[in-house]
Amino acid sequence: MVRKLAADALDGDPFASGVIIGRVARGSYANRIGFQRGEVVVAIDGRPVTSTQALANLGRGAEVTIQRGGQRVTGVMR
């Protein structure tokens, strides 16, 4: 389950966007690649994430930037 993030939720930045991971199903692709509840997906392939639809076709080779514990981390989906 993911949901659109309030615009001011990322460090008070009114221009920030992203979707928050609300739940990760056991055995799902998201679970296998390490997504965790509460993380925020902020960019895919360098483009800001502005809706949950951005995650619909997420697959191998995509460069994903997440905010985890106050830090941004970028990795490539495998």
Side-chain angles (χ1 to χ4, degrees):
M1 175 180 81
V2 294
R3 63 181 189 270
K4 190 171 179 353
L5 187 67
D8 62 351
L10 289 176
D11 299 326
D13 182 351
F15 301 104
S17 65
V19 293
I20 190 166
I21 309 248
R23 180 174 52 100
V24 179
R26 176 178 270 166
S28 68
Y29 183 63
N31 178 250
R32 289 192 307 271
I33 63 169
F35 280 171
Q36 300 172 17
R37 183 175 184 252
E39 293 178 329
V40 179
V41 181
V42 294
I44 297 173
D45 292 330
R47 292 183 302 271
V49 172
T50 58
S51 75
T52 58
Q53 290 298 328
L55 301 179
N57 296 317
L58 192 59
R60 295 181 193 275
E63 182 182 85
V64 179
T65 302
I66 60 169
Q67 181 144 339
R68 175 187 287 168
Q71 295 183 356
R72 289 196 177 188
V73 179
T74 300
V76 176
M77 303 287 285
R78 301 209 187 280

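- Here the closest non-hydrogen pair linking Ala54 and Val49 is CB-CG1, 3.9 Å.
- Applying the salt bridge (charged side-chain N to carboxylate O under 4.0 Å, His left out) definition to pairs two or more places apart or across chains, none involves residues 26-37.
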Which atom pairs, one a donor and one an acceptor, fall under 3.5 Å between side chains of residues 38-46 and the rest of the protein, sequence neighbours left out?
unit_1, atom_1, unit_2, atom_2, d
Glu39, OE1, Gln36, N, 2.8
Glu39, OE2, Arg68, NE, 2.3
Glu39, OE2, Arg68, NH2, 2.6
Asp45, OD1, Glu63, N, 2.8

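- Residues Val64 and Phe35 are in side-chain contact: their nearest non-hydrogen atoms beyond the backbone lie under 4.5 Å apart.
- Here the CD-CD1 distance, from Gln67 to Ile21, works out to 12.5 Å after rounding to the nearest 0.5 Å.
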